[in-house]
Amino acid sequence: MATEVIWFKRDLRLRDHPPLLQAIDSAGLSGQSLLPLFFVEPERLKQPDTSEIHLHWELDCARALDRELQRRGSRLWILHADPLEVFQLLHETVELTALHSHEETGTDWSFQRDRAVQKWCRKMGVDWHETPSNGVVRRLKGRDAWKSARDRRMRQVLADAPELIPAPPEIPSLDQWSCPDLSSLGFPERPLRDRPDPGESSAQDVLNGFLEERGEPYRYAMSSPLSGSYHCSRLAPYLALGCLSLRRVVQQTQQREKQLKSLRQEGRDTQRWLPSLSSFKSRLAWHCHFMQKLEMEPDLDVVAQNPVIDARMPRPLVEDKFQAWSTGNTGWPFLDACMRQLHATGWINFRMRAMLMSVASYTLWLPWRETGLHLARLFLDYEPGIHWSQVGMQSGTTGINTVRAYSVTKQGRDQDPEGDYIRRWVPELARVPAESIHEPWKMDKAEQERSQCRIGSDYPAPLVDEGKARKEGVSKTYAARRDPEARKKSQEVFQKHGSRKGPTRRRKPAQKSSQAPDADQPGLFQE
DNA sequence: ACGGGAGTTGTTGTA
DNA sequence: GTACAACAACTCCCG
């Protein structure tokens, strides 16, 4: 009997999964058996952006999917193997006729793997049916047509989970690839504090909790790590693995908006909800926008979007700076607290991610590739397209975004005025009073004694003078951008990748009149 | 969705 | 009531 494969990649769910439905139809019609596969790929394990927390999260979500499949008469094979090798064996033993999967947008190794699979399929006469994922449009030339294509995609009807899935074939030879314990593959488990529950139904619970309850003050609460951990959606780890489809999140948010508007008619207070959901929707759109960049620029993680600018500001990997930054021992309390929360939980809110990257790039002048890899490994929700786009923006290497150099002390005072967040994550500072918590190095000897925090022994002195170093970094960046070659390249980057939303001008349409984005002034381009 | 300085407008307290 | 300093709040600009 011939066999078709449903290849689960970063789409570990049963609902709103067109390739799965298509596979069930196709296999059912021709009386073939259907084999659900998921791979832990050896090539993937070699990548520098892969970490133990990703793999454990992924395996747990895959196991949750397996349980759901078993409930419907099938199961999931979780294989430690190169997909091509497995397909080859299936072709030889059970007459593989078709593959069904979503399109994947990843870094080079997955791109090359997909090319190899495609080539093999052509040669062997196997049909590979690929369905687009979330808002990413394959083979897109420029950005002009993107937004409408993405919105169309988000409006497609959501499919239910299939009730019954054809029983899988017996293929004992697959057992040779059954996935061993990850620690034997060199990835010993690193337990995370407050790790989310894996799987599709947990993802749905988190979404419901956000839309019903937690999201009300989202717009105002997301910027601070204190309030953000509760009021942000916390969907990213699920979206990264496709436990939920982005389309479902968009559509459920729209439904909730409708409901809130009718509640408003009844006189209920929806003051905070509606602006919050509107911010949330715009972030869901940015999610797709940034993934699209990697789709169109598969080497986004190794080559800066504007290589001319990048080449004009070489940043050396100074070991002690990198060490201090990456472990949360810079001597800047707020930054250290953020980095330590990230280590412990695999999560930090978006604004603080930007700060971590920006301080590494401007104030510490560290190379984005290494700092970006470090963060990639720490984010439980690592999504390559979003991550490397953000790394580019926060390191000033795109040329199309305004330079945003965050100040740790200012952010600390703005987001954590009393220092409660700092004390929670940096116990060395537990007894430092609010007046000194953001700049403990300014305490005199007596104050250091009183707060049991001697600078230089209990807690490090700051790596560099922040004010001075930050300014230097920013002006070096502007100098690199001013170069005519760099500007020319920025114009090209904008043509290909820039958001067509335009700068967010605050009223006053007079005077300067309609000045279209001008390539000679890259500073005008906003994302 | 940067930060800091300069300039502008608005508010309050005092003589 | 008026004049004005002191200061907060906003806007604009530049690196």
Side-chain angles (χ1 to χ4, degrees), chain A residues 218-225 227-228 231-233 236 275-276 278-290 293 309 312-313 332 334-335 338 348-365 368 375 386-387 389-417 438-439 464-483 486-487 490 497-513 515 518 520-527:
Chain A
Y218 176 76
R219 172 173 283 186
Y220 313 97
M222 66 175 154
S223 292
S224 164
S227 46
H231 293 292
C232 287
S233 80
S276 286
S278 141
S279 301
F280 181 58
K281 280 198 309 186
S282 109
R283 278 162 183 265
L284 293 173
W286 285 119
H287 182 108
C288 299
H289 171 89
F290 289 122
K293 287 203 190 201
I309 290 182
R312 286 180 183 279
M313 40 187 211
W332 293 313
F334 189 61
L335 185 128
C338 290
I348 180 84
N349 63 326
F350 181 81
R351 193 184 177 82
M352 271 56 258
R353 295 182 188 208
M355 180 185 78
L356 290 173
M357 194 61 213
S358 160
V359 169
S361 301
Y362 298 109
T363 315
L364 298 177
W365 205 246
W368 59 266
L375 292 178
I386 299 177
H387 181 65
S389 298
Q390 288 300 323
V391 166
M393 283 174 69
Q394 302 305 340
S395 62
T397 52
T398 68
I400 66 169
N401 306 106
T402 56
V403 175
R404 292 183 215 282
Y406 288 73
S407 152
V408 180
T409 40
K410 181 171 187 298
Q411 288 299 315
R413 274 186 249 274
D414 289 352
Q415 312 300 337
D416 182 30
H438 297 292
E439 295 174 291
V464 294
D465 176 336
E466 186 190 26
K468 206 171 133 240
R470 184 183 153 279
K471 261 188 197 158
E472 271 173 34
V474 168
S475 43
K476 279 192 269 189
T477 306
Y478 275 100
R481 284 166 73 112
R482 273 195 297 271
D483 178 283
R487 289 182 186 218
S490 294
H497 293 295
S499 161
R500 296 300 186 259
K501 237 176 90 185
T504 37
R505 275 278 147 71
R506 261 183 292 250
R507 54 193 164 94
K508 189 190 161 195
Q511 282 288 303
K512 277 197 163 178
S513 75
Q515 194 171 43
D518 182 333
D520 292 325
Q521 300 174 46
L524 276 176
F525 306 149
Q526 299 283 327
E527 288 253 313

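When reading the values below, keep in mind they use all heavy atoms of this one structure, side chains included, and skip hydrogens, waters and symmetry mates. Residue numbering restarts at 1 for every chain, and letters A, B, ... go by the order of the sequence lines.
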Whole-Å distance separating the [atom1] atom of [X] from the [atom2] atom of [N]:
X        : N      : atom1 : atom2 : answer
A:Leu356 : B:dA1  : CG    : P     : 18 Å
A:Met393 : B:dA1  : CE    : P     : 13 Å
A:Tyr362 : B:dA1  : OH    : C1'   : 13 Å
A:Arg353 : B:dA1  : CZ    : C1'   : 15 Å
A:Glu472 : C:dG15 : CD    : C1'   : 13 Å
A:Tyr220 : B:dA1  : OH    : P     : 11 Å
A:Met357 : B:dA1  : CE    : P     : 21 Å

Can you list the residues that meet the salt bridge (Lys or Arg N to Asp or Glu O under 4.0 Å) rule with A:Arg353, with sequence neighbours excluded?
->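 Here the qualifying residues are A:Asp381.
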
Holding to salt bridge (Lys or Arg N to Asp or Glu O under 4.0 Å), I want the full list of residues that pass it with A:Glu466, two or more places apart in sequence or in another chain.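 None.
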
Taken in chain and number order and not counting sequence neighbours, the residues that satisfy side chain to side chain donor-acceptor pair (under 3.5 Å) with A:Ser279 are A:Arg219

Those residues at least two apart in sequence (or on a different chain) that pass side chain to side chain donor-acceptor pair (under 3.5 Å) with A:Thr397 are A:Ser395

**For A:Arg312, side chain to side chain contact (heavy atoms under 4.5 Å, CB included) partners two or more places apart** =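 By the side chain to side chain contact (heavy atoms under 4.5 Å, CB included) rule, A:Arg312 matches A:Val308, A:Ala480, A:Asp483.
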
Could you list the protein-to-nucleotides 2-6 of chain B atom pairs, N/O on both sides, closer than 3.5 Å?
from, atom 1, to, atom 2, distance (Å)
B:dC2, OP1, A:Arg351, NH2, 3.3
B:dG3, OP1, A:Ser407, N, 3.3
B:dG3, OP1, A:Gln411, NE2, 3.0
B:dG3, OP2, A:Lys410, NZ, 3.4
B:dG3, O4', A:Arg470, NH2, 2.5

Using modelled atom types and a 3.5 Å cut-off, is there a donor and acceptor pairing between side-chain atoms of A:His438 and backbone atoms of A:Gln411?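 No; zero donor-acceptor contacts below 3.5 Å.
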
What integer number of Å spans the P atoms of B:dA1 and C:dC10?
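Each nucleotide's P atom is 14 Å from the other's.
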
